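Contents: one structure, followed by commentary.
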Amino acid sequence: MIKPIIWVIAKKLALRHPEEKAEPVPDLAESARLYIDAHYMEPVTVAGIAAALFVTPVYLGQVFRKAMNMTIRQYLMTVRIERTKELLERTSLHVYEIADRVGFAESKYLVACFQKETGLSPAAWRREKAGK
């Protein structure tokens, strides 16, 4: 008796009008971007973001890369470097303090990533900005 009722309900749901669409869901890539923007100072992982958004890490990575033309890790690094630039320009914090504030576990890693991205060490970048 229960099986036929479930079958009837499922059939009715499947026969909905094709023009009826489900309510739009928030864009997954945008949700991931917003998550990173809010949590970049924490130890962020693709798996952690995916869990927060209730999807698999592989699927999230594919969707994000297609929508943003970069990987999640690349975007996270971009956010952290941009925030580092802001703190270098607007504060007198030491590099190790900035590293802690923007989510780098080691200041040496921040320096290496910053130099790779900008061509300058954080200290040189700060001096250059102060001279302008």
Side-chain angles (χ1 to χ4, degrees):
M1 177 91 169
I2 293 176
K3 193 172 185 181
I5 292 171
I6 292 173
W7 180 252
V8 170
I9 293 170
K11 224 172 152 180
K12 284 185 180 182
L13 288 173
L15 294 175
R16 281 188 172 172
H17 297 288
E19 62 273 5
E20 285 182 27
K21 294 187 178 182
E23 289 186 29
V25 294
D27 182 46
L28 185 59
E30 180 65 10
S31 295
R33 188 188 68 75
L34 292 172
Y35 183 93
I36 292 167
D37 291 347
H39 298 276
Y40 68 89
M41 70 293 294
E42 301 167 10
V44 177
T45 63
V46 176
I49 299 168
L53 299 175
F54 305 105
V55 295
T56 66
V58 172
Y59 179 68
L60 176 60
Q62 292 169 343
V63 169
F64 192 91
R65 186 177 187 124
K66 186 175 180 181
M68 308 296 267
N69 293 318
M70 66 174 64
T71 66
I72 291 171
R73 292 186 67 183
Q74 287 169 330
Y75 181 74
L76 175 61
M77 185 61 66
T78 298
V79 170
R80 287 177 170 167
I81 295 298
E82 289 305 312
R83 183 66 179 135
T84 298
K85 289 177 182 178
E86 291 172 18
L87 291 172
L88 286 168
E89 193 171 350
R90 296 183 181 149
T91 71
S92 59
L93 292 171
H94 295 280
V95 173
Y96 69 88
E97 294 171 305
I98 293 172
D100 187 54
R101 289 189 183 193
V102 300
F104 286 95
E106 297 287 330
S107 60
K108 287 180 183 180
Y109 185 54
L110 165 62
V111 171
C113 292
F114 191 90
Q115 200 155 8
K116 182 180 176 186
E117 185 70 26
T118 66
L120 298 169
S121 70
W125 194 89
R126 179 180 265 164
R127 279 193 303 273
E128 187 177 286
K129 287 295 176 179
K132 290 184 177 181

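Predicted model only: the values in this text are computed from it and were never measured.
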With rounding to the nearest 0.5 angstrom, report the [atom1] to [atom2] distance, [X] to [Y].
| X | Y | atom1 | atom2 | answer |
| --- | --- | --- | --- | --- |
| Glu30 | Phe64 | CD | CZ | 9.0 Å |
| Ile36 | Glu42 | CD1 | CD | 12.0 Å |
| Thr118 | Trp125 | OG1 | CH2 | 8.5 Å |
| Lys85 | Glu117 | NZ | CD | 6.5 Å |
| His94 | Ser107 | NE2 | OG | 11.5 Å |
| Ile98 | Glu86 | CD1 | CD | 11.0 Å |

Counting C-beta onward and ignoring hydrogens, is there a side-chain heavy-atom pair between [X] and [Y] closer than 4.5 Å?
| X | Y | answer |
| --- | --- | --- |
| Leu120 | Glu128 | yes |
| Arg101 | Tyr40 | no |
| Thr91 | Arg126 | yes |
| Tyr59 | Leu28 | yes |

Looking at every heavy atom in both [X] and [Y], which two are closest together, and how far apart are they?
| X | Y | result |
| --- | --- | --- |
| Ala32 | Leu60 | CB-CD1, 3.9 Å |
| Phe104 | Cys113 | CE2-SG, 4.1 Å |
| Pro43 | Arg80 | CA-NH2, 4.4 Å |
| Ala47 | Pro57 | CA-CG, 3.9 Å |

Does Glu106, at its CD atom, have more than 12 non-hydrogen atoms belonging to other residues, nucleotides or ligands within less than 6.0 Å?
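No, not enclosed.
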
Donor-acceptor pair, distance only, cut-off 3.5 Å: does the side chain of Arg73 make one with the backbone of Val46?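 Not a single qualifying donor-acceptor pair exists.
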
In terms of hydrophobic clustering (I, L, V, M, F, W, Y; side-chain heavy atoms under 4.5 Å; direct or indirect links), are [X] and [Y] co-clustered?
| X | Y | answer |
| --- | --- | --- |
| Tyr109 | Tyr75 | yes |
| Leu34 | Leu53 | no |
| Val44 | Met70 | yes |
| Tyr96 | Leu93 | no |

TODO: Begin with the C-alpha distance, continue with both residues' side-chain angles, and end with the deciding distance and a verdict on side-chain contact (heavy atoms from CB on, under 4.5 Å) for Val95 and Phe114.
DONE: CA-CA 11 Å; Val95 173; Phe114 191 90; over 6 Å; no

